Chemist: 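Would you mind keeping the following structure in view while I ask a few things?
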There are 2 protein chains.
Amino acid sequence: MALEHLFQGSALNAVDAKGRVSVPAFLRSVIERRGDARTIVLAKHDAFTCLSAYDPAYAALKHQKLERLLEKQETDPSAELDYARRTMMAFGATEEVPYDSSGRVILPPMMRRKGQVDDLALFIGVGETFQIWNPKLFLADPNVPEDMKDIARFRLEERGQ
Amino acid sequence: MALEHLFQGSALNAVDAKGRVSVPAFLRSVIERRGDARTIVLAKHDAFTCLSAYDPAYAALKHQKLERLLEKQETDPSAELDYARRTMMAFGATEEVPYDSSGRVILPPMMRRKGQVDDLALFIGVGETFQIWNPKLFLADPNVPEDMKDIARFRLEERGQ
DNA sequence: CTGTATGGCATGAAAATCCATTGTATCCCG
DNA sequence: CGGGATACAATGGATTTTCATGCCATACAG
């Protein structure tokens with residue numbers, strides 16, 4: 001059930017004019033230890049103005065989770081509809097993108113818009129998945145803990161921005 | 001559930017110009033008995049001005065705890081946000097660093113600043129995790145027991161500092 | 001052709017690896 | 001019990017490798 005390898009850490013990378021961005025090596029290594037894929041799956045995050053990303057192996061796990069959730073609320077008549085909506089979002093509203101030999105992906109324009117990612121991409125590992133943020137929105141979001149914002153500020157400073 | 005091998009003891013090691021520091025051998029041996037990793041995970045300590053460190057196996061344990069917590073209160077909409085914040089702190093605010101054959105890690109600049117670690121690193125085993133302190137801050141912290149400070153003073157003296 | 005996508009290559013910085021030296025605790029044999 | 005030998009730990013320095021990213025070459029479409 002639980003995944004052995006977890007995403008953790010943070011990084012701030014540039015998005016070039018073509019919408020390409022390097023997926024940090026420490027995240028790629030987790031992807032490749034979980035399976036043999038060299039692709040990431042992108043989705044709009046449920047709660048935040050950012051993108052949620054993971055490897056194909058996790059997508060299967062997510063499906064199982066939704067199944068279990070449905071079983072738990074079996075008696076509730078609205079559960080069925082809830083399940084239908086969740087699965088639609090979980091699989092329909094995603095895009096899978098490969099990364100090349102140097103670890104770069106092309107952020108699909110739709111996702112880029114959904115996550116409002118501009119010319120800088122802040123990567124945050126959160127265990128089973130990782131997030132991709134516009135650092136400006138990250139700093140402005142009241143739901144993001146202040147300690148996390150400190151990290152974002154450090155990453156920006158480190159880069160001289 | 002509980003980890004069998006515990007971190008204990010103390011040591012004072014030098015941090016060189018490149019930010020490298022030896023992880024004491026007695027702590028490394030615990031890490032390697034818990035799993036086969038040769039890396040440590042670093043995070044800012046919740047309460048103290050120091051770093052909290054542990055092995056990847058403990059990080060996985062931490063993750064399972066959060067998962068169970070979420071499943072228990074799945075129906076609550078605010079639980080989702082709470083979970084997101086917790087995982088962000090637990091994984092995003094950390095850095096995983098490997099140690100080489102001679103047992104050294106490089107302290108990432110961000111962590112070095114968060115823990116205010118200068119050219120000396122005081123390691124304190126505290127069971128499931130261990131802490132990394134700037135010895136000066138350790139001695140100045142009113143929340144640290146006097147008996148512990150004696151140990152730090154001894155380590156400093158031992159080193160002629 | 002010309003503008004646009006996509007893969008491969010080059011570069012500079014940072015980090016992992018290797019080797020060498022020193023210091024310290026331990027062991028063994030006299 | 002003492003003293004030298006030995007093994008391991010910590011640390012300094014140098015070298016090799018990896019990473020992020022800019023740049024260019026090729027392909028492909030309008």
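What's counted below: heavy atoms across the whole structure, side chains too, no hydrogens, waters or symmetry copies. Please read these numbers as outputs of a predicted model, since none were measured by experiment. Residue numbering restarts at 1 for every chain, and letters A, B, ... go by the order of the sequence lines.
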Chemist: Please state whether the rings of B:Tyr54 and B:Tyr58 are parallel, tilted or perpendicular, taking 30° and 60° as the class boundaries.
Modeler: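 Answer is perpendicular, since the angle exceeds 60°.
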
Chemist: State which residue, out of B:Glu67, B:His63, B:Arg68, fulfils the side chain to side chain contact (heavy atoms under 4.5 Å, CB included) condition with B:Lys65.
Modeler: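 Among B:Glu67, B:His63, B:Arg68, the one meeting side chain to side chain contact (heavy atoms under 4.5 Å, CB included) with B:Lys65 is B:Arg68.
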
Chemist: Take the protein atom CG of A:Asp16 and the nucleotide atom C1' of C:dT6, then report the distance between them rounded to whole Å.
Modeler: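 So the CG-C1' distance, A:Asp16 to C:dT6, works out to 11 Å.
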
Chemist: Classify the nucleic acid contact of B:Val105 as base, sugar-phosphate or nothing, counting any heavy atom under 4.0 Å across all strands shown.
Modeler: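 Touches nothing.
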
Chemist: Cut-off 3.5 Å, side chains only: do A:Gln8 and B:Thr94 have a donor facing an acceptor?
Modeler: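 Short answer, yes.
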
Chemist: So does B:Lys114 pair up with A:Asp150, basic N to acidic O under 4.0 Å?
Modeler: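 A salt bridge links B:Lys114 with A:Asp150.
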
Chemist: Taking atom CG of B:Asn143 as the centre, report whether more than 12 heavy atoms of other residues, nucleotides or ligands fall under 6.0 Å from it.
Modeler: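 Yes, the 6.0 Å shell around CG holds more than 12 heavy atoms from other groups.
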
Chemist: Can you find a side-chain donor-acceptor pair between A:Gln131 and A:Ser52 that sits under 3.5 Å?
Modeler: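 No donor-acceptor contact under 3.5 Å links the two side chains.
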
Chemist: Ignoring hydrogens and angles, does a donor from either the side chain of A:Lys18 or the base of C:dT6 sit under 3.5 Å from an acceptor on the other?
Modeler: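 Such a pair is found, so the answer is yes.
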
Chemist: Near B:Arg86 CZ, under 6.0 Å, is it more than 12 heavy atoms from other residues, nucleotides or ligands?
Modeler: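 12 or below, so no.
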
Chemist: When you look at CZ of B:Arg33, are more than 12 heavy atoms from neighbouring residues, nucleotides or ligands closer to it than 6.0 Å?
Modeler: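 Enclosed.
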
Chemist: Does a side-chain N-to-carboxylate-O contact under 4.0 Å join A:Glu95 and A:Lys44?
Modeler: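 No, no charged N to carboxylate O under 4.0 Å.
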
Chemist: A:Tyr99 has an atom OH; how far is it from atom P of C:dT6, in whole Å?
Modeler: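 Rounded to whole Å, this separation is 18 Å.
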
Chemist: Testing A:Leu12, A:Val117, A:Leu120, A:Asp141 one by one against A:Trp133 for a side chain to side chain contact (heavy atoms under 4.5 Å, CB included), which residue passes?
Modeler: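 Exactly one pass, corresponding to A:Asp141.
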
Chemist: Between B:Ile106 (CD1) and C:dA13 (P), how many Å, whole number?
Modeler: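 Interatomic distance, CD1 of B:Ile106 to P of C:dA13: 17 Å.
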
Chemist: Between B:Leu107 (CG) and C:dA15 (C1'), how many Å, whole number?
Modeler: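 After rounding, the gap between these two atoms is 14 Å.
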
Chemist: Are B:Val97 and B:Tyr99 packed together at the side-chain level, in the sense that at least one heavy-atom pair is separated by less than 4.5 angstrom?
Modeler: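 B:Val97 does not reach B:Tyr99 side chain to side chain.
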
Chemist: Which is the 5'-most and which the 3'-most nucleotide of DNA chain D that has an atom under 4.0 Å from a heavy atom of chain B?
Modeler: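 Footprint of chain B along DNA chain D, 5' to 3': D:dA9 to D:dA14.
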
Chemist: Base, sugar-phosphate alone, or nothing: which one does B:Val15 contact when heavy atoms must sit under 4.0 Å apart?
Modeler: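 Since no nucleic acid heavy atom lies under 4.0 Å of B:Val15, the category is nothing.
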
Chemist: Report, one pair per line, the protein and nucleotides 19-25 of chain C atoms (nitrogen or oxygen only) whose separation is under 3.5 Å.
Modeler:
none

Chemist: For B:Asp100, report the nucleic acid contact type (base, sugar-phosphate, nothing); a contact means any heavy atom under 4.0 Å.
Modeler: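 The answer is base, as B:Asp100 lies within the cut-off (heavy atoms under 4.0 Å) of a base atom.
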
Chemist: Starting at CZ of B:Arg20 and ending at P of C:dA14, how long is that distance when rounded to a whole Å?
Modeler: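 It works out to 16 Å between those atoms.
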
Chemist: So if I take the C1' atoms of five pairs at each end of the helix from C:dC1-D:dG30 to C:dG30-D:dC1 and get each local axis, what angle do the two axes make, rounded to 10 degrees?
Modeler: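 If I round to tens, the end axes sit 30° apart.
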
